[in-house]
Student: 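Take this structure first; my questions come after.
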Amino acid sequence: MDSRRDHGGVIFVDLRDRSGLVQVVFSPELSPDAYRTAEQLRSEWVIQVSGTVRRRPPESENPTLPTGLVEVFADEVTVLNAALTPPFYIEDDVKADEALRLRYRYLDLRRPKMQRNLILRHQVVKYIRDFLDARGFLEIETPILIKSTPEGARDYLVPSRLQRGSFYALPQSPQQLKQLLMVSGVERYFQIARCFRDEDLRADRQPEFTQLDLEMSFVEQEDVLQLTEELYTGMVEKLTPDKKLVKPFPRIPYDDVMARYGSDKPDLRFGLEMTDVTDLAGETEFRVFLSTIEQGGIVKGFVAPGQGHYTGSDMRRLEETAREFGAAGMSHVRLQGEGSPSDLVDEHFLLSPGLRMPVEWSRRLAETMGASGGDLIVLMAGPARRVNQWLSSMRDYFGERLGLIDDDTLSFAFVTGFPLFEWDENNNRWDSSHHPFTSPADGKESKLDGDDLGGIESKAYDLICNGSELASGSIRIHRRDLQEKIFGILGYNREQVEERFGHILEAFEYGAPPHGGIAPGIDRLVTILAGAESIRDVIAFPKTQSGTDLLFGSPSPVDAAQLRDLALRIAE
RNA sequence: GGGCCGCUAGCUCAAUUGGGAGAGCACCGUCUUGUCAGGUCGGGGGUUAUGGGUUCGAGCCCCAUGCGGUCCA
């Protein structure tokens, strides 16, 4: 029961199931018994009604309801179960605090929007299974209790009772298992796999999440990308036909995407591309630019079209925004007037303090960056990595603020050619950008013995969409010697390699085929397709940011007896 | 691990300088034969997250804790 409207002589009841609402009418003239029962009904009760479906009187039609032309004229009603008054309204525009919704998740899931999300998620998974089955993939389950081989994130550990003092780990992904399946001759594998990472949560991160994990033997990078693109385009066109898709998906090299957008997962629904102007900045006498360049940093920026009219205080506010994104500072040039840079004169260029440069320099800057009269040029200086982060946040901010983002568009792209390694400043060592099983790009293997490890390209790729990373994959290493060399560069000694990875290295010696794959995240995908705000809205029973389940009250202490079984003691 | 915000009726929120705890919705009851955010009249409902402190007096000030959110490492 959704709601009841009692008019004294006639009672209307909205009956709800997962498909929607229908109005039931109780009249004392048709059935006095049913009418008397209907007087007692309350929201969220579970009832059984029989009656006649009939057309509503013309003046009572409700065009806002899909079933608004008909109603059920009830002659019998049975109360199957009463209900307490729910702690919040069961309606789409819920105002209740999310903690309350999570505490009563079973009520929250009654809301039509949540029901639609669950249904969409089912359809997505169904589509994936059908699609891959039709292409010869086998769905194979892999264990949830596996060996702990921490690579990036922290493992969830499960103590063993039979082997006291030893632990299983929950998989961060079935990476090694699917590679072993390739060695097994499975050729094409997939799994809707639950993955676990014991890390702090974010709005778009959960400690357990679901990935489509897939792997193929005898493939090149483009084979995997093609398959992935077909999967996503087919799925979107079938399940959310109102979404606009850009086809084919662009393939953007990593260096390119970083140069143009300052991020490896830019929102491509809008432009605002960046330009490196370190050379031009070097001509100024602005100390911030000069010292940045001296220290090996860059000066880079983008053009906000039509925003040259900002006032001085607008600019100060904008700089404050930039600082909130972590930026050390921001310079700008406001272009007044109209037309191309060559048409503009001295007083058309409003430079931020510090940038005292002749008009000729401003013209060249505007030309280099593709700005014209009426535009605003935003510039930032610093180490390349930081500048890219800051500018990328500013770019998103302007994309939003200038209304450049179309909610109905899905802008997919593949980012390819990620670096194989990145320098881990905290631990002072090389780390894998993707994971240690990623193959170097063709012809780059010899560079593994050189000094320029950061410049080695890999066969790792991401699928991005609207500013999110949706999938990540690579062509893998399938030779023992190469894999051992990578582990060596990552700083593992011979014993550690043998203890943690001996099993997979050994497997590579028994005829491992070349293979590669990709792992699309299901939660984020459904979030985007559903237009939901948070991944928590597409997961039936999500956890809070501190990793707790407010419905079950987990995690929770356990009995002393359980701890004894596991030979565990809680250290204070 | 750190920063910031929040916690007042079932829900969403208000409460001026430290002075009498409130509103809307929901809920309960009444009346109402075409409503669909039904309408009418009436009613009940509070350990102001928890513990401590300052004060003649604390929702408000101070300290600690808990829970939630959010950002950073």
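FYI, side chains are in, hydrogens and waters are out, and symmetry mates aren't considered; it's all heavy atoms of this structure. Chain identifiers are assigned alphabetically (A, B, ...) following the order of the sequence lines, protein sequences preceding nucleic acid strands; residue numbering begins at 1 within each chain.
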Student: Taking the same atom, P, in B:C28 and in B:G45, what whole-Å distance lies between them?
Tutor: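 Result for the P pair: 16 Å, nearest Å.
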
Student: Does any nucleotide pair with B:G6 by Watson-Crick or G-U wobble geometry, both distances under 3.5 Å, and what is it?
Tutor: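 With both distances under 3.5 Å, B:G6 matches B:C67.
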
Student: Any side-chain N or O of A:S43 under 4.0 Å from OP1/OP2 of B:A26?
Tutor: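 Indeed not, no polar side-chain atom of A:S43 lies that close.
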
Student: In whole angstrom, give the distance that lies between atom CZ of A:F73 and atom C1' of B:U33.
Tutor: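 Roughly 11 Å, once rounded to whole Å.
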
Student: Salt bridge or not for A:D6 and A:R4, using N-O below 4.0 Å?
Tutor: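 Yes, A:D6 and A:R4 are salt-bridged.
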
Student: With the side chain of A:T544 defined as its heavy atoms from C-beta on, choose the nearest nucleotide among B:G68, B:U70, B:U33.
Tutor: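 So the side chain of A:T544 is nearest to B:G68.
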
Student: Can you tell me how far C1' in B:C25 sits from the matching atom in B:G38, rounded to whole Å?
Tutor: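 These two C1' atoms come out 15 Å apart once rounded.
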
Student: Give none if B:G1 has no partner; otherwise give the nucleotide forming a Watson-Crick or G-U wobble pair with it, both distances under 3.5 Å.
Tutor: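 Matched B:G1 with B:C72 under the 3.5 Å cut-off.
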
Student: A:E98 has an atom CD; how far is it from atom C1' of B:C67, in whole Å?
Tutor: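 Rounded to whole Å, this separation is 14 Å.
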
Student: Whether the A:T311 and A:D314 side chains hold a donor-acceptor pair (N or O, under 3.5 Å, no angle test) is what I'd like checked.
Tutor: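 Yes, because at least one side-chain N or O of A:T311 sits under 3.5 Å from a partner of the opposite role on A:D314.
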
Student: Could you tell me the separation between the CG atom of A:D2 and the P atom of B:A26, rounded to a whole number of Å?
Tutor: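 My rounded result for the distance is 13 Å.
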
Student: Within the pair A:R101 and B:G68, is there a side-chain N or O less than 4.0 Å away from OP1 or OP2?
Tutor: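 Answer no for this pair, as no side-chain N or O of A:R101 is under 4.0 Å from OP1 or OP2.
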
Student: Any salt bridge linking A:R54 with A:E71? Criterion: basic side-chain nitrogen under 4.0 Å from a carboxylate oxygen.
Tutor: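 Looking at A:E71 together with A:R54, the answer is yes, because their closest N to O distance falls below 4.0 Å.
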
Student: In the structure shown, which nucleotide is the Watson-Crick or G-U wobble counterpart of B:C13, with both distances under 3.5 Å?
Tutor: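 Pairing partner, where one exists within any strand: B:G22.
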
Student: May I have the distance from A:L107 (atom CG) to B:A26 (atom P), rounded to whole angstrom?
Tutor: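 Roughly 18 Å, once rounded to whole Å.
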
Student: Let me know the distance between CG of A:L84 and P of B:A26, rounded to the nearest Å.
Tutor: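 Rounded to whole Å, this separation is 18 Å.
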
Student: Quick check: on RNA chain B, is the nucleotide nearest A:L100 upstream (toward 5') of the one nearest A:G9, or the reverse? Name the residue that is more 5'.
Tutor: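 First, find each residue's nearest nucleotide; the 5'-ward one identifies A:L100.
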
Student: Do A:R54 side-chain and B:G34 base share a donor-acceptor contact under 3.5 Å?
Tutor: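 When only heavy-atom distances are counted, A:R54 does reach the base of B:G34 through a donor-acceptor pair under 3.5 Å.
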
Student: Given the P atoms of B:G44 and B:A49, what is the spacing between them in whole Å?
Tutor: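 Straight-line distance between the two P atoms is 25 Å.
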
Student: Would you kindly give the CD-to-C1' distance between A:Q389 and B:C71, to the nearest whole Å?
Tutor: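 Between C1' of B:C71 and CD of A:Q389: 14 Å.
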
Student: Between B:A23 and B:U48, how far is it from one C1' atom to the other, in whole Å?
Tutor: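 About 16 Å, rounded to a whole number of Å.
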
Student: Assuming nearest nucleotide by heavy-atom distance, tell me which of A:P57 and A:T548 is located more 5' along RNA chain B.
Tutor: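 Result of the comparison: A:P57.
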
Student: Need the pair for B:U30. Rule: Watson-Crick or G-U wobble, both distances under 3.5 Å, any strand; none if unpaired.
Tutor: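 WC or wobble partner does not exist here.
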
Student: From CD1 of A:I90 over to C1' of B:A26, roughly how many Å is that when rounded to an integer?
Tutor: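 These atoms are roughly 12 Å apart.
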
Student: Would you mind classifying the nucleic acid contact of A:L550 as base, sugar-phosphate or nothing, using non-hydrogen atoms under 4.0 angstrom?
Tutor: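 Result for A:L550 = sugar-phosphate.
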
Student: Closer than 4.0 angstrom, basic N to acidic O: yes or no for A:D537 and A:R101?
Tutor: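 Result for this pair is yes, salt bridge flagged.
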
Student: Write down the distance between CD (A:E39) and P (B:G29), rounded to a whole number of angstrom.
Tutor: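 Distance, rounded to whole Å: 11 Å.
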
Student: Could you write nucleotides 35-50 of chain B as a row of B, S and -, 5' to 3', where a protein heavy atom under 4.0 Å of any base atom gives B, of only sugar-phosphate atoms gives S, and otherwise -?
Tutor: BB-B------------

Student: Rounded to whole angstrom, note down the C1' distance from B:G29 over to B:U12.
Tutor: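 Roughly 25 Å separates the two C1' atoms.
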
Student: Can you confirm whether A:P436 sits close enough to A:Y492 that some side-chain heavy atom of one is under 4.5 Å from a side-chain heavy atom of the other?
Tutor: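 In short, these two side chains do not touch, never coming nearer than 4.5 Å.
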
Student: Between A:H7 and A:F12, does the ring-ring contact (aromatic ring centres under 6.0 Å, His included) criterion hold? Intermediate values first, please.
Tutor: CA-CA 8 Å; A:H7 287 260; A:F12 301 101; 5.6 Å; yes

Student: If we take the P atom in both B:U16 and B:C72, what is their distance in whole Å?
Tutor: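 35 Å, rounded to whole Å.
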
Student: With ring centroids as reference points, do A:F541 and A:F552 lie under 6.0 angstrom apart?
Tutor: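 No, too far apart.
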
Student: Taking the P atom in each of B:A21 and B:C36, what is the distance between them to the nearest angstrom?
Tutor: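 Taking atom P in both B:A21 and B:C36, they lie 40 Å apart.
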
Student: Mind telling me whether A:Y397 and A:F325 have parallel, tilted or perpendicular rings, with 30° and 60° as the class edges?
Tutor: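 A:F325 vs A:Y397 ring planes: perpendicular.
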
Student: How far, in whole Å, is B:A73 from B:C61 if one measures between their C1' atoms?
Tutor: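 One C1' to the other, the span is 33 Å.
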
Student: Are any of the side-chain heavy atoms of A:L410 and A:N466 separated by less than 4.5 Å?
Tutor: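 Yes, side chains in contact.
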
Student: Can you tell me if A:S546 touches the phosphate of B:G68, counting only side-chain N or O atoms and a distance under 4.0 Å to OP1 or OP2?
Tutor: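 Yes.
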
Student: Does the structure show a Watson-Crick or G-U wobble partner for B:A58, both distances under 3.5 Å? Name it, or say none.
Tutor: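 B:A58 is unpaired by these criteria.
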
